[in-house]
Amino acid sequence: MKLFLQILLIATSVLLIGAVLLHRGRGGGLSSLFGGGMQSSLAGSSVAEKNLDRITLGLGAVWIISVIGLGLLLKI
Amino acid sequence: MLSAFRSALATPDLRKKILFTLMVVAVYRIGAVIPAPGVSYPNVQACQAQVENQNIFSLLNLFSGGALLQLSIFATGIMPYITASIIVQLLTVVIPRFEELKKEGQSGQAKLTQYTRYLTIALAVLQATGVIALADRGQLFGDCDQPVFPDNTVATLAITVLTMTAGTAVMMWLGELITERGVGNGMSLLIFLNIAAQIPAEGANILSSQGGLVFFFVCILALAIIASVIFVEQGQRRIPVQYAKRMVGRRMYGGTSTYLPIKVNQAGVIPVIFASSLLYLPDLIGRLVGDPNQASGWQRFLQTYLVDQSSWVHIVSYFALIIFFTYFYITITFNVDERAEEMKKFGGFIPGIRPGRPTAEYLSFVLSRITLPGSIYLGIVAILPNFFLSLTGQGQNQNFPFGGTAVLIMVGVGLDTVKQIESQLMQRNYEGFLR
């Protein structure tokens, strides 16, 4: 069980990082951080982006579950 | 004010955005207390209680909203993103290719953001490894002897590193979701939250250790500091710019007179972050090299003069570094030649000054003059907490409520978010928050 969860965790972590990196970056980095300029991005998200959102959400859910599961299993 | 709140919630799309933001925030805060796999939760709690008030990682911990010292899945938090953005922004000056991309406009900017995201993940791996190595060697918590990782084989630790890196990626995604579908800039909003999440604990700390009367005065003082920070943040010099009238086809363009706003504090909190991370280096090196009990001469020298936050050498060098970095950062981000060139291209000029090089010279003159009070203000706000160390204790000084990085970021982000909500309200002609 523990081994299974660990493998699941590794797999979802890597996939999650990949999925997030595949997203189109929003927000213009630091220039808009900490109250820089105001910018409005009204460009709607594409279908691909929407599907990617769903995939990321699913991966995130599995990831959280495996983290919590591991934590409960170890119970230390 | 209250009616503005009501109309903000009465507008359907704005209400949806605000609720979405709140939901993401809730998800993030729940994640911030889930311990990373392999970490022993009770031992971490015990250690944390021991070292409450003395650790060098206060800035990192501040940015992670206490998640770092909990060793939660969001322990590395937003810091890699901040570092990556700073690095990418500095590289635009150094690498010609980056400069090209920056000038390209929207698509180039998108590419730069993408680079920032890749760099964030790389830095997250580094930082997670560093944090976990320190925690495993028992140095994260000072002298705590309870094992944080009961099962510290390489495989377990590697999984923890991987999980924390994925945590940073998730945080980045959450921030982008807020930017895209919620209100305000997601990344800065998350930082804001991290800082705000620590205020109640700080307040309780002061209340229990110093009593009610001191707590009351602290609250008054904090409000006064916030008010003055808002006052300076909003201050700007408006350089008038006149645009020449011109006919294109049958339509007339220009002929308007606008202004070029130059804020008193054009640099934001970046100089403070630069300066404080630079000043944390000596302490970090000292810790990595050897244990502080049998320190050699230069280590003791560093300890008394640079690390000790109440020493005058520390305060003065912090102040000087902030002023230097303010000027440095402004020269990088605000390119006067570019602005002057742009103005000339669109037929604009500052009354009484010829377009082209004289305009650039005038701009840089005004900029450097207005930055002097701005940088001194930044320095004062940043060193203010060093004078209240007896109340807050060593290491906690960058936190609320006496100023420092926390107040600067909170006020900056707060103002920005309110302005964004305001502009959305204005589209529907409602009375806003700001007057």
Side-chain angles (χ1 to χ4, degrees), chain A residues 2-3 5-46 49-50 52-57 59-76, chain B residues 31 34-43 73 82 84-86 88-89 109-110 112-114 116-118 121 150-151 155-156 158-159 162-163 165-166 168-170 172-173 175-177 179-181 185-188 191 233 268-270 333 408-409 411-417 419-420 423:
Chain A
K2 188 183 159 194
L3 190 68
L5 277 177
Q6 279 177 340
I7 292 171
L8 190 68
L9 185 59
I10 293 173
T12 43
S13 295
V14 172
L15 286 177
L16 199 57
I17 293 171
V20 169
L21 284 184
L22 277 178
H23 278 278
R24 205 142 40 95
R26 299 282 166 154
L30 203 73
S31 52
S32 51
L33 267 182
F34 310 132
M38 279 200 332
Q39 101 270 27
S40 60
S41 56
L42 291 171
S45 48
S46 59
E49 194 85 359
K50 243 175 213 162
L52 202 54
D53 270 351
R54 264 185 221 133
I55 294 171
T56 318
L57 201 62
L59 280 175
V62 177
W63 180 70
I64 285 280
I65 288 171
S66 51
V67 167
I68 294 176
L70 262 183
L72 288 180
L73 240 151
L74 291 175
K75 258 233 170 98
I76 32 180
Chain B
I34 298 178
V39 175
S40 161
Y41 187 67
N43 285 2
I73 47 176
I82 297 177
S85 338
I86 291 176
V88 167
Q89 190 157 34
Q109 196 64 50
L112 279 184
T113 311
Q114 206 59 30
T116 311
R117 289 153 55 88
Y118 296 145
I121 297 297
D151 172 27
T156 326
I159 289 179
L162 193 61
T163 313
T165 312
T168 300
V170 169
M172 201 159 72
W173 185 55
E176 280 161 6
L177 276 182
T179 311
E180 198 177 334
R181 292 192 209 157
N185 179 303
M187 294 298 176
S188 20
I191 299 171
E233 288 289 329
V269 288
I270 314 284
T333 51
L408 287 172
I409 293 177
V411 170
V413 176
L415 278 177
D416 194 40
T417 311
K419 267 181 202 157
Q420 283 205 13
S423 73

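In the text below, chain A, chain B and the rest are named by the order of the sequence lines, each starting its count at 1.
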Ranked by heavy-atom pairs below 4.5 Å to chain B, first place among A:Thr56, A:Val67, A:Leu9 goes to A:Thr56
Contact origin within B:Thr168 toward chain A - heavy atom pairs under 4.5 Å = neither
With rounding to the nearest 0.5 Å, note down the distance linking [atom1] in [X] to [atom2] in [Y].
X: B:Thr113; Y: A:His23; atom1: OG1; atom2: NE2; result: 15.0 Å
X: B:Ile73; Y: A:Ile68; atom1: CD1; atom2: CD1; result: 7.5 Å
X: A:Leu57; Y: B:Trp173; atom1: CG; atom2: CH2; result: 5.0 Å
X: B:Leu162; Y: A:Ile17; atom1: CG; atom2: CD1; result: 5.5 Å

Would you name the heavy atoms of [X] and [Y] that are closest together and state the gap between them?
X: A:Asp53; Y: B:Arg181; result: OD2-NH2, 2.6 Å
X: A:Leu22; Y: B:Arg117; result: N-NH2, 4.4 Å
X: A:Trp63; Y: B:Val170; result: CZ3-CG2, 4.0 Å
X: B:Gln114; Y: A:Leu21; result: NE2-O, 3.0 Å

Proximity breakdown for A:Leu59 and chain B, heavy-atom pairs closer than 4.5 Å | neither
What part of A:Leu15 is in contact with chain B, defined as an atom under 4.5 angstrom from a non-hydrogen atom: side chain, backbone, both or neither?
-> neither
